[in-house]
> 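Let me give you the structure first, and then I'll get to my questions.
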Amino acid sequence: MEKETFYITTAIDYVNGLPHIGHAYEKIATDVIARHFKQRGKDVFFLTGSDEHGIKIQKTAAENGIQPKEHCDNTSNEFKKAWKKADIDYDRYIRTTDADHEKVVQWAFEELLKKGDIYKSSYTGLYCAGCECFLSPRELDENGCCPIHQKKPEEVKEENYFFKLSKYKDAIAEHIKKNPNFILPQSRANEILNQLKDIEDISVSRSKESVSWSIDVPSDSEQGIYVWIDALTNYITGVGVLDDKEKFNKYWPCDVHVIGKDILKFHSIYWIAFLMALGIELPKSIFAHGWITIDETKMSKSLGNVISIDTLMQTFELQDADAIRYFLMTTASFGKDGNYSDEEFKSKVNADLANNLGNLLNRTLSMLVKYFDGKISNRTMDADLLKLCNETVSDVERKFDYYEVTEAIEKVITLVDAANKYVNDKAPWSLAKTDLNECEKVLYSVLEVMKYASVLLYPVIPNIAQKIYTQLGFEGEIKGIKLADLKTLTIKEGQIATKDTISPVFLRLDSEIAKDKKK
Ligand code: ME8
């Protein structure tokens, strides 16, 4: 039977600044979801990349005294390096300056011109370079500034091409109402339905004179294509809409676009209208996540509180990004705003990864070595724990069906808590003196729970999960293990551990090291 496909995308980041943990948050969540669906046997395609055109990037390159393309090459490399550090296992990193992408954007624009959905008209409006869009006076704050970027938008008077967005607003509203899982979390759908009421046609080009760093309108070299049209189109270029029809038909429609709440309007209104106009099937869902603050404050260059994966890894002397991935995925329910602080980070990962998960494995294996020479001879598992393991697998799958990453992780932690309680209640150290059979059953049962926990947590903490898996006596990579394998994948009989093979899978973060380093 052919594998079912699963196509997932992230927003593509503007390369006017360097990657920070806000960008990383989204890429990590998407990576976790992609890895989970691979564990369910799906043929996953994971697209991420960078958004490289527009006035914002043109200005940043000019400030740095270099050509925009060179600036984009440098910065997109920094993003790629950051995603490598964060173990983001994407299938393609698309750049909007890639030749195949530029071709698709021009094709789409000309298609819509031909269909009459794009027309030329003159326009005066207020343009926010930060948002890369025109804002209506209603959207400004009391000082006449963009509420997100806190800057006054620039008045722009131009003859531009317009897209008939208003023509599609009823169809979009109907689609949202008919498909409750189209916008996730569902609570955000109303906000979009309200915004739709005020939707007017949008300008989809700028004069080359004002924005030179853009893709040309093929039939009018004095105009450049609007950066959001350019950017959103990446989702169809990425799976070969023009160059590889077979791939496109295989992966499209996209299963989920993972994006930040600030750009939901562009995805659930502009993008959807654009696809409707092109006659391309709509994505199945759009998941809008919340924003990450640092010490409850918005990250900004001027405040100097921008944190990257790299800074955190250096500060806490981390070998890999697992702890950061774990923290970011659990700091707040995925979909809501979350916060990073050093204190919360340390206490969360010390409690969950070092104590709850790591210590349980460590002390169980140590007892196995002490009482049984590290050998398993009787594989009898506690029936209640086994039932809980199976229920946890189903619960985790159900949570991931709605991309509820945080709640899925919580289910696994509840399982690990239950195993910790089981050990404490059964006291295998006492059973070792009175009932060796029962003692072995307890230890084996806990190790089986660790098998389930490691596979279920692998999408979030791939390195730690691999260490657990190896210490349980399994050979090879945990990466290829499917959830469906869990029932048949059993811890082997015989020697699985010795004193030398046991080591902590996650070392507690030392607060003193971190403090000194930050200074
Ligand atoms: O919006 N916390 O690019 P971008 C969580 N190029 N997420 C954050 C964040 C934070 N502090 N800061 C940014 C763009 N993000 C466009 C997207 S898609 C076709 C074009 C998220 O670099 C943000 O919400 O401003 C967005 O989803 C992504 O990072 C890129 O933001």
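All values reported here derive from a predicted model rather than from experimental measurement. When a ligand or atom number is given, it counts from 1 through the structure's own listing order.
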> State whether the shortest distance between N or O atoms of Gly260 and N or O atoms of ligand 1 falls below 3.5 angstrom.
yes
> Angle between ring planes, Phe274 versus Trp271, binned at 30° and 60°: parallel, tilted or perpendicular?
tilted
> If you have a sec, work out which protein heavy atom is nearest atom 29 (O) of ligand 1 and how many Å separate them, to one decimal?
His23 CD2, 3.7 Å
> How about Arg95 and Ser50: do any of their side-chain heavy atoms sit closer than 4.5 Å?
yes
> Provide the number and element of each atom of ligand 1 under 4.0 Å from a heavy atom of Asp51.
6 (N), 16 (C), 20 (C)
> Can you tell me which residue and heavy atom of the protein come closest to atom 12 (N) of ligand 1, and the distance to 0.1 Å?
His20 CE1, 3.5 Å
> Between His20 and Tyr340 (judged by ring centroids, cut-off 6.0 Å), do the two rings come close enough to count as a pair?
no
> Measuring centre to centre across the rings, with the benzene-like ring taken for any Trp, is Phe316 within less than 6.0 Å of Phe345?
yes
> How close does the nearest protein non-hydrogen atom get to atom 4 (P) of ligand 1, and which residue and atom is it?
Tyr14 CD1, 3.6 Å
> Of the protein's non-hydrogen atoms, which lies at the shortest distance from atom 10 (C) of ligand 1, and what is that distance?
Gly22 CA, 3.4 Å
> Relative to the ring of Phe134, is the ring of Tyr123 parallel (under 30°), tilted (30 to 60°) or perpendicular (over 60°)?
perpendicular
> Provide, to 0.1 Å, the distance between atom 11 (N) of ligand 1 and the closest protein heavy atom, together with that atom's residue and name.
Ile292 O, 3.1 Å
> Does the plane of the ring in Phe287 sit parallel, tilted or perpendicular to the ring in Tyr403? Use 30° and 60° as the thresholds.
perpendicular
> Considering heavy atoms of the protein only, find what lies nearest to atom 21 (C) of ligand 1 and give residue, atom and distance to 0.1 Å.
Glu26 OE1, 3.9 Å
> Give me the residue, atom name and distance of the protein heavy atom closest to atom 19 (C) of ligand 1.
Tyr235 OH, 3.4 Å
> Parallel, tilted or perpendicular: which fits the ring planes of Phe400 and His36, with parallel below 30° and perpendicular above 60°?
parallel
> What residue and atom, counting heavy atoms only, is the protein's closest point to atom 17 (C) of ligand 1, and at what distance?
Ile12 O, 3.2 Å
